[in-house]
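Please read the structure below before turning to the comments.
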Amino acid sequence: VYGEKLRSAPHFLKFKGAIPLGLSWLRDLDDTPSVKNMFQIVAPQKTYTIFTDTPEMKKQWMTMINTQIDALIEKDPSLVQKRGPVRVHL
């Protein structure tokens, strides 16, 4: 589940959608001079770019998300074929 802050009430979030983790995979991104600690959740219909405050937080987020993806795939191994090939951009 993901959302966006409301301009009128910054302590509240507006629901935008749900990410199908069982059909997704993570892509680690290199730091740039202007943006650090990035990774992407690559889903069938959309790619989500995530930024964290620290490298440690990035590692924690990626580990937790990968743990959930692995648990979903363990319950339903056919999800691997449904998500299609993992693409690596070099």
Side-chain angles (χ1 to χ4, degrees):
V1 174
Y2 67 100
E4 67 180 327
K5 288 183 182 180
L6 296 175
R7 292 176 197 243
S8 59
H11 297 300
F12 292 92
L13 298 175
K14 177 183 175 183
F15 174 80
K16 290 196 69 175
I19 301 170
L21 289 181
L23 300 175
S24 302
W25 53 277
L26 298 185
R27 177 188 295 144
D28 192 6
L29 299 174
D30 293 332
D31 290 345
T32 68
S34 59
V35 184
K36 309 237 183 284
N37 310 314
M38 298 180 291
F39 67 95
Q40 292 179 321
I41 302 172
V42 181
Q45 302 299 319
K46 186 174 181 180
T47 298
Y48 305 85
T49 302
I50 313 296
F51 307 86
T52 65
D53 291 335
T54 66
E56 294 80 15
M57 189 180 288
K58 173 185 172 179
K59 183 178 178 183
Q60 289 175 336
W61 273 86
M62 290 184 74
T63 298
M64 288 187 288
I65 293 169
N66 268 325
T67 298
Q68 294 306 310
I69 290 171
D70 291 344
L72 291 166
I73 290 171
E74 185 176 325
K75 287 183 182 180
D76 183 359
S78 72
L79 291 172
V80 173
Q81 286 77 35
K82 291 177 185 174
R83 72 177 172 193
V86 173
R87 294 173 186 85
V88 178
H89 300 282
L90 300 174

Which distance, rounded to the nearest 0.5 Å, do you find between the CZ of Phe51 and the CD of Gln40? 8.5 Å
side-chain contact (heavy atoms from CB on, under 4.5 Å) test vs Leu29 passes for just one of Asn37, Thr49, Ile50, namely Thr49
State whether the number of non-hydrogen atoms from other residues, nucleotides or ligands found under 6.0 Å of Phe15 atom CZ is greater than 12. yes
Any pair counted as side-chain hydrogen bond (donor to acceptor under 3.5 Å, both in side chains), so long as it reaches residues 59-68, sequence neighbours left out: none
What do you reckon, is CG of Asp30 surrounded by more than 12 foreign heavy atoms closer than 6.0 Å? no
Looking at Thr54 and Met57, what are the two nearest heavy atoms and their distance? OG1-N, 3.0 Å
Kindly indicate whether the side chain of Leu13, heavy atoms from C-beta on, has any atom under 4.5 Å from the side chain of Leu6. no
Applying side-chain contact (heavy atoms from CB on, under 4.5 Å) to Thr32 and Met38, what does each step give before you reach the verdict? CA-CA 9 Å; Thr32 68; Met38 298 180 291; 4.1 Å; yes
Within one Ile-Leu-Val-Met-Phe-Trp-Tyr cluster: Leu72 and Tyr48, side-chain cutoff 4.5 Å: yes
Rounded to the nearest 0.5 Å, what separates atom CG in Asp70 from atom CD1 in Ile65? 12.0 Å
Note: Leu21 and Ile69 closest approach over all heavy atoms is O-CG1, 3.4 Å
Which atoms form the tightest heavy-atom contact between Gly22 and Leu79, and what is the distance? O-CB, 3.4 Å
Does anything in residues 5-18 pair up under side-chain hydrogen bond (donor to acceptor under 3.5 Å, both in side chains), and if so which pairs, sequence neighbours excluded? none
Got more than 12 heavy atoms from elsewhere within 6.0 Å of CD, Gln45? no
Does Val42 form a side-chain contact (heavy atoms from CB on, under 4.5 Å) with Leu26? I'd like the steps, not just the answer. CA-CA 6 Å; Val42 181; Leu26 298 185; over 6 Å; no
